[in-house]
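Below, each value reflects all heavy atoms present in this structure, side chains not excepted, and no hydrogens, waters or symmetry copies. Atoms within a ligand are numbered from 1 in the order they appear, just like the ligands themselves.
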Amino acid sequence: MLANFNYHCPHCQTQLNKGSQIEFLVGYKDHQKTPLLLSKEPGVYGYRSKHNLVIENGDKVDFYCHSCEEPLQSLKRPGLVEIQIWTDDAPYLDLFFSATCGERLTYVEMEGELMRFGSDFFSIMKSRA
Ligand SMILES: [Zn+2]
């Protein structure tokens with residue numbers, strides 16, 4: 001069921017997912033914005049990048065919308081990335097996930113409270129490739 005949600009930029013409302021992947025731009029170390037893909041299937045770990053980016057556990061990554069390039073760092077929840085979950089073409093929930101590689105923290109906000117959202121979902125994990 002989770003796999004049927006769509007994920008959108010909170011700034012420009014562009015849909016971020018294509019097929020089973022969610023596309024972001026990330027800035028990391030050299031601060032160049034580089035495309036990075038996360039799976040939207042729960043339980044699928046790891047990121048894919050077209051760049052020879054090596055993200056190690058504990059590294060913090062800056063996320064940006066791939067369309068408007070606005071930063072996705074949450075102002076409400078510092079340290080977390082904020083995007084929107086849409087269902088039926090309308091905003092449904094705010095989704096927050098950790099910008100730190102290896103931290104499996106994903107939340108949705110419901111009635112002002114953060115609820116855990118699949119502990120193994122949406123984390124940037126070190127690639128096993
Ligand atoms: Zn955007």
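- Contact check on E23 versus K18 returns a salt bridge, with a Lys/Arg side-chain nitrogen under 4.0 Å from an Asp/Glu carboxylate oxygen.
- When SG of C12 and SG of C65 are joined through the Zn ion (ligand 1), the resulting angle is 110° to the nearest 10°.
- For H8 (side chain) and Q13 (main-chain N/O), a donor-acceptor pair under 3.5 Å exists by modelled atom type.
- Not a single N, O or S atom of H66, from either the backbone or the side chain, sits less than 2.8 Å from the Zn ion (ligand 1).
- Looking only at distances, a side-chain donor or acceptor of N17 sits under 3.5 Å from a matching main-chain atom of Y7.
- For the pair SG of C9 and SG of C68, the angle at the Zn ion (ligand 1) is about 110°; rounding is to 10 degrees.
- Comment: D94 engages K76 in a salt bridge, judged by a side-chain N to carboxylate O separation of less than 4.0 angstrom.
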